[in-house]
Amino acid sequence: MKCEKSKKITLAEGVWYITLVLQMVESALDFSFSIFKITYICCMLLLAREVFINGRKNMTKICRDISGIIKTNIIFWGFLSCYIIFDIISFSYTQDISYALTKYIVAIMMIVFIGMYLVIWAVKQDDIKQMMNRVLFCVALSGLIISIISIVNYFVGLFPVIYERRLSTITDYNQFSTLIILGFTSGIWYIMRTYLKWEKRIGSKMLFTVTLLYSVFELSVIYLAGSRRSFIIECASGVVIVGILIYVNIKFKAKKGKWIVGLIAGTLVGVFVFSACMNNMFDYVYNYGNSKKEFKENNINSSMKTIVSGEAGNKRNVIWKIAIDEFQRFSTKEKLIGKGSSYGSDLYDTPRNEEILMRTYASLKDKNVFRTHWMYPHNFLLTDLVTGGIVKLLLGLGIMISLIVYVLKGIRKNYQFWFAGILIGVPYFSILLSFPHGILAYKNFWIGVFIIVLLTNTKKDCPKEMEIKKV
């Protein structure tokens, strides 16, 4: 496909972008009904109409274009296919098929969702660079919307205020803050890819101000979520992003040294001041307000200190040890192929392991959390090990390593793969510490893969015209 001016957004494409935003926002909000599912179905119907009207004569070419995209990392797709096939085979000896099937609701939905966008591109024959910019903008917008709603909700109470000493609109504050990290990374990436365009439209000073305020706000909300995991990711990804800014400035002689230094210094000061003020307010509301909470909440600063002391991983160590001890009791056959796709949670429901958990989580005894499938290994490698044995573990590692190697190879040719590395590294780090169903059911993993696919084909389509020459 030749590089050309981006075509107008079609109705199906527009609904797809809205669906992407809603999908991420609804992951962080407890809606009584899902608007995302409605727009998802509408997008499918509109796309089917466009394919019927504009694409049926070129169906062979459309299929060829999509298969060409997939072939860009055939090793990754090969491992992923084998992983899915083996997991489905394990249904034949799993204890709870309905629980095991849960992951495929998300997996199929995300695969179809990504497939819809690839079909939209193939039918339009549009500039994939501009389409990728729109995707990054939507992911960034999602993170910003989540952050704004969390602040407003804390003061106004649009939704139930779950915590008084941290910002999160859902119980899983790790997932909440992870979505904002992905949004922030996409936002900075989008700004770098479209810097020249926005500099002409609003001027360098205004663009600097917007970028600074955006960075301060998003990074502050991530910290105020109180997630130790996300704080580590925030620091690591921040270092990478700063490195990218410095590299681009030197490599392409952008002469934006003062701009970058000002942005970094302003962001650090702004995050410190904003976070400190909000944190003090949280403490005041919790200690002197009309608190109705039935459980004790830790101060955010106190929680972060446990990262250094090592206390942050105490409960994880107990959970992981249970899974490892269980695997060691497997027979040789079970060590090879596991005990079925649901066993990652089933093993914690046995009387022996349940007793250990009740001692570890004694404070939760009165909250009715000790139910079937309430616990899982909190590490996707251990989940693969007990559900599919060594075979599934190797396939899972193959998925992870093949994608990491692909990103590292891409970095050598295009610095933008550093951003792609963050977008796939964040989900990887998250599922190493949490998430019940592993890779397949994690929406953020699929979003990262999707953006890597777009980046790869952007470079392939327009190797010269679309390269960013300066920040």
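Residue numbers start at 1 and run along the sequence shown. Just so it is clear, the structure is predicted and the values come from calculations on it, not from any experiment.
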Distance-minimising heavy-atom pair for Tyr428 and Ile399:
OH-O, 3.3 Å
Does atom [atom1] ([X]) have a neighbourhood of more than 12 heavy atoms from anything else shown, all under 6.0 Å?
| X | atom1 | answer |
| --- | --- | --- |
| Trp418 | CH2 | no |
| Ile75 | CD1 | no |
| Tyr99 | OH | yes |
| Arg329 | CZ | yes |

Results of ring pair (Phe, Tyr, Trp, His ring centres under 6.0 Å) for [X] - residues two or more places apart only:
| X | answer |
| --- | --- |
| Phe445 | none |
| Phe113 | Trp16, Tyr40 |
| Phe159 | Phe31 |
| Tyr173 | Tyr163 |

Is the backbone of [Y] close enough, under 3.5 Å, to the side chain of [X] for a donor and an acceptor to pair up by distance?
| X | Y | value |
| --- | --- | --- |
| Arg316 | Leu433 | yes |
| Thr94 | Ile97 | no |
| Thr169 | Ala28 | yes |
| Tyr348 | Ile319 | yes |
| Ser92 | Ile89 | yes |

Sequence neighbours left out, what passes side-chain contact (heavy atoms from CB on, under 4.5 Å) with Ile41? Give chain and number order.
Leu45
Qualifying residues under side-chain contact (heavy atoms from CB on, under 4.5 Å), relative to Ser90, sequence neighbours excluded:
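side-chain contact (heavy atoms from CB on, under 4.5 Å) list for Ser90, sorted by chain: Asp87, Tyr93, Ser341.
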Side chains of Asp346 and Ser342: is there a donor and an acceptor less than 3.5 Å apart?
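Distance-only check passes for Asp346 and Ser342.
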Just say parallel, tilted or perpendicular for the rings of Tyr154 and Phe282, cut-offs at 30° and 60°.
tilted
Of the options Ser430, Ser227, Ser168, which is the one that meets Asn174 in a side chain to side chain donor-acceptor pair (under 3.5 Å)?
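That would be Ser227; it is the only one of Ser430, Ser227, Ser168 passing the side chain to side chain donor-acceptor pair (under 3.5 Å) with Asn174.
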For Glu26 and Ser34: C-alpha separation, side-chain torsions, deciding distance, then whether side chain to side chain donor-acceptor pair (under 3.5 Å) applies.
CA-CA 7 Å; Glu26 287 189 14; Ser34 176; 2.8 Å; yes
Given Leu440, which partner from the list Ile84, Ile105, Thr102, Ile108 fulfils the side-chain contact (heavy atoms from CB on, under 4.5 Å) test?
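The passing option is Ile84.
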CD1 on Ile451 to OG1 on Thr456, rounded to 0.5 Å:
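Reported to 0.5 Å precision, the distance equals 11.5 Å.
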Interatomic spacing from CZ in Phe91 to CG in Asp96 - rounded to 0.5 Å:
10.5 Å
